[in-house]
Amino acid sequence: MKPRSLVLVTVDCLRADHVGFLGYSRPVTPFLDSLAAESFVVPNAIVGGVPTYYSFPAILASRYPLAMGRDLVGLVPDEVSLPSYLKQSGYMTASFVAANPYVSRKFGYGQAFDTFCDFLDQEMAAEATFYSKQSRTFRAVLNRSIERLSRNLGPVGTLYDELYFRYCQLAGPSVQSLDSLRPFPSADAIVDRALEWVGSVCPSPFFLWLHLMDPHAPYYPAEEALRAIGATAVSPSRARYLNSYWNRRDLGSNRLRSLRDAVIELYDGSIRWVDMQMARLVDTLKGLQVWDQSALVFTADHGEEFLEHGARFHGPWTMKEELIRVPLLVRVPGVFGREVSKKPFSHLDLAPTLLHALDLAVPREFQGRSDWGEWNRREGWERPAVVESTECINPDQPEDRLASRVLCIRDSRYKLILRFGCGQEQLFDLHSDPSEMAPLPADIEKPVRRRLLEYARRHIEGAQRIDSRKHRLRARSRELRIVLSKSAPAD
Ligand SMILES: [Zn+2]
């Protein structure tokens, strides 16, 4: 029997090596681990782009993020996507996104959903905006100016940085709980709203997409989740200190490293909270008697770095495994799941594979292809995964979107990273160097380098054949309409 409904859960910043079903030793995902036993588990799922704003076009519309040009971010107006296609096929559609502005109406994500809630209009935990509030005050601006000047003062400047940081910690508002510090709605709030919606539409077939932000920095997990992973008790002010310290730009890796484990413990606690809410989601779907007719997909938009290569968070251009490899679990009722091939599976192929599982045709606009047959036959596939990005860190600014391209070609063993801005080309052998500590010298593995470069060339040429002028114009006018509607005076 083919599933009648589809639930897609995406988690921000969740790396593949931090879930139990892909080998993580800390007990952060006991529920998902049990679900994995009856699911297809993809050990090497690779995103289509990094970070959020380059990842979702591949997940939702099976399209490379830069295929229509760098200036076009998100889904284009009326783009054929998983939700639009399912809606057209008679599904009720809804999305609940935990206040990530890059997955909002401005970037086209509201289209095709009967119900779309991005939680951006809600006043989130006031104290959680501690950093941004601080950064806007006159005193903060003055202090930052002094800080910049003090950089030229050698040890005195370093001392000033340290004193200023400690002063900010003492001067910040007192905090009562970890919950009050969190700048995003947590997974329980998103799941609550989603379940309310499912209750209102079942037994009609539905497509439900949830995007959870819990493991996104700053890391403020629910205390219950921290206890569940056996973490050291952490007070709200300590958690704020850890996050502030981790966010410092004036410290080198060595000093940051001293608190790395404590920060990762907070990150892991957030993952456990996601797992607990996934258990509640599935439990309620069972209660509503829709679980036996629903497929469920669990994945992430990209991972997170914890100084493995000197960086933190999820800056777009490093393309390291901790950023591009994500968990992917697909549970389809009546199908006995298993671990699929270890070949890299691109998110680009996810939507076609899911449509195949739902017994629906794949729209010709999709750039990916279905691997549903290969999954069921336990076969592999030969094409590498391609990851696209640019060095843009603020797509809200149209001029920033034109930052230099970064391209990654990842096959089962090798990974080629091309940074077009500085002309850098790096080839890694993931078998002999799984941590990607040293790119291969230019005269080693020349045939591999040539093969992956050729693949990159064909990929870029393919993108140039897409005529995106019409889409570009419509996408720009959509953004302008949204900006203008926000700046219009209230009646
Ligand atoms: Zn993200």
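The first residue of the sequence shown is numbered 1, and numbering continues consecutively from there. In listed order, ligands and their atoms are each counted from 1.
The Zn ion (ligand 1) lies under 2.8 Å from an N, O or S atom belonging to T52. For H216, every N, O or S atom stays at 2.8 Å or more from the Zn ion (ligand 1).
Shortest distance from the Zn ion (ligand 1) to D12 is reached at OD1 (N/O/S atoms only). The nearest N/O/S atom of D301 to the Zn ion (ligand 1) is OD2. Among heteroatoms of the N, O or S kind in H302, NE2 lies nearest the Zn ion (ligand 1).
Here the options are D275, I229, V19, D33, the test is side chain to side chain contact (heavy atoms under 4.5 Å, CB included), and the partner is V28; only I229 passes. Checking each of H314, H309, R15 against E322 for a side chain to side chain donor-acceptor pair (under 3.5 Å) leaves exactly one that passes, namely H309.
With sequence neighbours left out, E196 forms a side-chain hydrogen bond (donor to acceptor under 3.5 Å, both in side chains) with no residue at all. Judged as a side-chain contact (heavy atoms from CB on, under 4.5 Å), and not counting sequence neighbours, the contacts of D118 are V97, S104, F116, L120.
Using a 4.0 Å cut-off between charged side-chain N and carboxylate O, K343 and D371 make no salt bridge.
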